Each structure stands twice: as C-alpha cells, then as structure tokens.
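Throughout, a chain's letter reflects where its sequence line sits, starting with A, and its residues are numbered from 1. From a predicted model like this one, the values you see are computed outputs, not experimental measurements.
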There are 2 protein chains.
Amino acid sequence: MADVAARVGVSRALVSLVFRGAEGASQETRERVFRAAAECGYQPDTAARMLRRRRSGFLGVVYTASDPFHAELVEAVYPAAEQRGYNVVLSAVTAARDEREAVGDLLGFRSEALMVIGHRALSEELAPLVAGTPAVTVGARLPGTPFDSVRTNDAQGVRQAVDHLVESGHRSIAHIDGGSMLSAAARRRGYREAMRRHGLQEEITVLPGDYSEDSGVRAAHELCRRDRLPTAVVAGNDRCAVGLLDSLLRLGVDVPGEVSVVGYDDSQLARLSHVDLTTVRQDAGQTAESAIQALVERLDGGRTEAKDVVLRPELIVRGTTGPPRTAS
Amino acid sequence: MADVAARVGVSRALVSLVFRGAEGASQETRERVFRAAAECGYQPDTAARMLRRRRSGFLGVVYTASDPFHAELVEAVYPAAEQRGYNVVLSAVTAARDEREAVGDLLGFRSEALMVIGHRALSEELAPLVAGTPAVTVGARLPGTPFDSVRTNDAQGVRQAVDHLVESGHRSIAHIDGGSMLSAAARRRGYREAMRRHGLQEEITVLPGDYSEDSGVRAAHELCRRDRLPTAVVAGNDRCAVGLLDSLLRLGVDVPGEVSVVGYDDSQLARLSHVDLTTVRQDAGQTAESAIQALVERLDGGRTEAKDVVLRPELIVRGTTGPPRTAS
DNA sequence: ATGAAAGCGCTAACAG
DNA sequence: CTGTTAGCGCTTTCAT
C-alpha cells in the first residue's frame, strides 16, 4: 500500500480511502490510485482491515461438503449476505473434520454470526463455545439453546403430497418411512394425520425404510407380495422413491398407471428427465434468505429473543403421479 | 487476551506462547492459561495472528458449489493440507459469484497459494491477478500460464472400459459422446484408439450426446431403431449412462444380458444399489493430494517450473457389464 | 482534498 | 521460565 501511495505521490490514508470507496478523493486521484494498484498488484489485506475496523463483516457458514442440499444453500447464501452488506466465510464439515473444528475456524476469523446447516447442528457441547455470537441452525431447532432456527414443515409437506393424491382419486396410499432418520418422524406424522383427515385411517400403511434406495427396493418387493398393491406410495425421500420406482419398473408395475409415487426433497435425482418424480421441495433460496435475515436482525436490528422460522414446503407435481386406474 | 493474562497473572506474551504450543511455559501455567481462556471464552484472533506472523498459512481453494465431484475434492483437501501444516480457506463459485470474485476473496485473505477446481479455471484474464501466488488448476491444464495442473487421463479411462469389454468377449461396442463438453474429446479419442488397437475399427460407432440423461435416452431409442443392437455401450458419463439404462429397461432390453453399459465418473448415481453401474473413477483423494502437494512444493520446496500431473483413472466393474449373450 | 499519527490483537526478539 | 517492546497493514480521527 505504501508502494501504491508512493507511486501516485499521495499518503497511504488516501489510498485506503479510495479503496473502500469513501468520499474525499477527486475523481482523478481515484483513477490514478487504481491504476497504480493494478500495476503493482496491490490488494487490500482483509486481515489488517478487519483488525483495525474491529469488525470482520463475516457471516460464518458451517455446512457438510458431501450434502447436495447444503450445496444449494451455500449457493443461495452469498447473495443473501452481500445484499445486507456482509461477506460469507465457508467452513466445511467432512469425514475428517467435525463441527467443532469448523465452528472454531469461523470463530477464529471473528465471524460476527454463525449459520450452521445440518442436523447435529450446534450440539449442546458446542453451545458454550459459540456463546456471545449470534447463531442460527438450519434444518432443526435446538431447544434449550439461545439460537435461532430455520426449518421446513415436513409434516405439512407430506400432507400436501397426500392431499394431492386424494384429490386425484387415490384412497389406498402407503408410506415408506425414514426410520430414525432426521425428520422421518415428522413426515410419518404428516402422513398419518393427512390420512385421518381424509377419513382413510383404515388405509394407513407404513412400511419401514431408512431414506436409502435399498429401502425403496425392499418396499417394492414387500408391496408386490401382498394381495393388492396400494394405488399410491409416498416415499420418505427421493432416494427411497427412486429405488422404489426402479424396482416397480423391473417388476412390471406401471407408474403412474398402477401405482403413483411421490418423493421428498426435490433433489437432482427427482429432476432427472427419465425419473421425473413428483416430490416435495424445501426451498433452498428461501431457507438461506431467512437464516441470513435472522442473523442480520440480531447484528443490526438488536433482536435478542430466539426466533424459529418454519417454512412452507412446496409440492412439485411431475410424471410419477396420476389418477388411479380404477378411480372410485 | 489481556483478560486471560490478567486472570492467570502473567504477561500477554506468555499466553500467546501457550496458545501456539511453543516452548517456554511450565505445564502448570499452560493448564491455568487454558482454563482461564475457556472461562472467558477467549480464542486467538486469526487475523491479528497472521498479520503479525507475516504468513497466513492458508491454501485457498476455489470450487463450484453445485458440483458433487468438487465437493469430493473439498472433502479430501482438508487432511492433505493439514498434514503439511497448512489451513484451507474455501471460496465457492456460484451462479451469482464468478471465479474472479472467488479468487479475489482468497487473495484478500493472503492465501499463500491457490487451488482452482473447475474448467474455466484461471482463465488468462485472471492470470495477472494471481501473479506471484503459486497456483494449481485441477481438471485442466492452462497452457501459457505458469500454473501447475492436476488432471486425470480421460482417454486412458475410456480405453480401460473398452479393454474390459473386449476381454469379456464384446466386439460391437458403441460410444455415446459428450459433444463439445469438457474432456468429451479426450474420451472420444480414447474410444476410437482402443477400438482400433483391438482391430475393431469397423465397429466404431459414435452417437451424439451431451452428458445429460436425455442424451442417453435418445441414444437408447436410436440404437433400438437399428438392425441390431451393439452388445456394449460406453457412455460419455454416468448421467448419460443412467438415462440409457433406464430407457433400455423400458424398451425391454436386458442389461447386461443383451447390452452391457459403462459410465464415466463413478458419481453417486453409479453407486446407487439399483443402478450398480460399471464406470470409470477419477480418484478425488489422489487428485486433491497431488494438487496440495504441488502447491507445498512451491511454497516450501522452492520449485519454480510448472508441473503437470496426469493421474490414472480406475475402472470400477459393477453389475451393468458382463459377457455378451452370444460370445464369439 | 489531503496528511500525520495512533492503535486494532497478536507475535518475535530480546532482556531479565 | 517470564516480561518488555516494537510493529505487522490497515483505518480513523483530527489537522491542515
């Protein structure tokens, strides 16, 4: 920086001023400064800047590298933060790097607030570490902590799926659940409630699953062994639905002619043209937006009470659902 | 930090010393310092530390958030860097954030070297920006730049696939290419060369594609319209292979009985239990390791000439390949 | 519109 | 083993 200042023949303070776009420099000086900076490859030092400013302007984001939905959130988080005058610092949780390390890094960077995506998010063990830093968990709420949370109403999502099927004329609707997986309970509950609300409690059928393709495959075989197939199946997630679809196809069951199938997540999988799966989407853009919003409200708006944002999922109707062959 | 020092009743220098694990503090002091730090939630300020040390210890990684293979690399990059005494800083390229911004951030953090994953990696336009910082591009080489590169030999990968099929007794082997997509040319070339080497130039059949499932679907229909099906197909990538598989299934063609199918990438898709696709893997772990290694060689080893690492892909044989029904 | 000087939180070199 | 001191690159008053 001293270098740039010398080149232009001004003080370092002026160069600083130009670089952060503050007032107090003539148009001409500005240009000369930028030109000189380009020439000697100068770029402001973020560390020095934040040290002096006593603010980092960073929003730390903890996410799981291998999770595609987390990637979608990361994608959406940048514009949301920039729009509010903050910068994003990423910290990945990997097989070899736990949440504690990821959060530690972010805190070392003096992130002003933390957005933690993922289900073991900010376990109690971590809470004291974060003390004093606003944080929001995405995907789950952590009762007993002072953190904000943003999540999607899974029960409602499944309800929408069931409603859609019932409206198409289905009555015999089964559910493959996610066992003890995160949010599987909520989805199962949504299914049960929706069936009851339509007076179909007699038709409730929950098959065991675990969100894997294999569980979809197993469910397909289980269903085919029975006297009669249900006319529709709501799978616990897309992966399970895809396994189910593939097996039905191999077993000669027409979809959606004989059986309609609904997934959950609207993952890449569901969008594949040959899969074309009807599914339930949690809006990554909206989720990221709400999470960043919550942090900024604490940072700039002075909010102190915890906040729990519950988002509405959206049913995406594609090609795997239709009226039952023998509409009642 | 002053706070911690006061609590323990020592100087700030001593606290610093304890925190970076340097010699010169008694075991007892160490413990007291750590305890006091935990009590008042102290954690060293990374920015201040690197400012003073005049080294950041950061290796900057630019990757595309939405690309699953990039995610695998990110996953592998952490241990590779830590093992060599460096820390990783991530910077994502997204729909709303280009490579220039991503690299700029990393440079602002004073990353000591850059690893850029992705195909438009470090375009000439970016090169001057990076001047002076060691950099490695992953997935492609940029001739005319001083950067190192790490990539996989795609032609060799396809060659392995063809060899495997020929060894199983196939002679009529078609290829669905990736059109103008990255590395499609190399894969196509590998196919042609391998066929020729086996004296099968008469059997060379290249169907147009573009790495999408749709192109696999189209290829399936195209093949079925012909007089006779090939006994094997090497798809340009896994997505294309999956589209192909699904269509063949719907058209009543048995895989691998009538037609064997090979993909490319060993993506999640290929590993799905019901897909179980024979494919070619580029080893993310090895790639990340080589890239980090290249950077550290420049940083600590004083290497200055550019280096181009070409990795060997690996054929993963799964369930979609087998001997042709009428082995010759 | 521009410059001088102080200091952010930390570490390194040296003195005790 | 422990304390003192200076200063990293930047921003921010406060003068000019």
Sidechain-backbone polar pair: A/Thr29 side chain, A/Ala25 backbone, donor-acceptor under 3.5 Å: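 Side chain of A/Thr29 to backbone of A/Ala25, a donor-acceptor pair under 3.5 Å: no, none is there.
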
Is the side chain of A/Arg97 donor-acceptor paired with the backbone N or O of A/Ala92 at a distance under 3.5 Å, no angle test?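 Indeed, once roles are kept as given, a pair shorter than 3.5 Å links the two residues.
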
Run through A/Asp266, A/Asp265, A/Thr152 and flag the one making a side chain to side chain donor-acceptor pair (under 3.5 Å) with A/Arg281.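 Passing option: A/Asp266.
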
Axis-to-axis angle across the helix from C/dA1-D/dT16 to C/dG16-D/dC1, five pairs an end, to 10 degrees?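 End axes: 30° apart.
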
Hey, could you give me each pair passing side-chain hydrogen bond (donor to acceptor under 3.5 Å, both in side chains) that has a residue in residues 288-298 of chain A? Not counting sequence neighbours.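 Counting only pairs at least two positions apart or across chains, the side-chain hydrogen bond (donor to acceptor under 3.5 Å, both in side chains) contacts touching residues 288-298 of chain A are A/Arg84-A/Glu289, A/Arg84-A/Gln293, A/Asp148-A/Arg298, A/Gln286-A/Ser290, A/Gln293-A/Glu297, A/Glu297-A/Arg303, A/Glu297-A/Lys307.
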
Just grab all the side-chain hydrogen bond (donor to acceptor under 3.5 Å, both in side chains) pairs involving residues 71-83 of chain B, residues at least two apart or on different chains.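 Every pair satisfying side-chain hydrogen bond (donor to acceptor under 3.5 Å, both in side chains) with a residue in residues 71-83 of chain B: there are none.
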
Hey, could you give me the CZ/CG distance between B/Phe147 and B/Leu142, rounded to the nearest 0.5 Å?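 B/Phe147 atom CZ to B/Leu142 atom CG measures 7.5 Å (nearest 0.5 Å).
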
What distance do B/Arg20 atom CZ and B/Arg53 atom CZ have between them, rounded to the nearest 0.5 Å?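 Here the interatomic distance stands at 6.5 Å.
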
Protein within reach of the bases, or only the backbone? For nucleotides 6-16 of chain D, mark each nucleotide 5' to 3' as B, S or -, using heavy atoms under 4.0 Å. BBBBBBB----

Residues touching DNA chain D, which here means a heavy atom under 4.0 Å, drawn from residues 27-39 of chain A: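 Nucleic-acid contacts, sorted: none.
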
What pairs with B/Phe109 under ring pair (Phe, Tyr, Trp, His ring centres under 6.0 Å), at least two apart in sequence or on another chain?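 Here the qualifying residues are A/Phe58, A/Phe109.
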
Go through it in stages, so that I can follow the logic: the residues are B/Tyr211 and B/Ser183, the test is side chain to side chain contact (heavy atoms under 4.5 Å, CB included), and I'd like the CA-CA distance, side-chain angles, deciding distance and then a yes or no. CA-CA 11 Å; B/Tyr211 285 170; B/Ser183 69; 3.7 Å; yes

Given the rule in the side chain to side chain contact (heavy atoms under 4.5 Å, CB included) test, do B/Leu14 and B/Val33 qualify, once you have shown the distances and angles that lead to the verdict? CA-CA 9 Å; B/Leu14 195 25; B/Val33 167; 5.7 Å; no

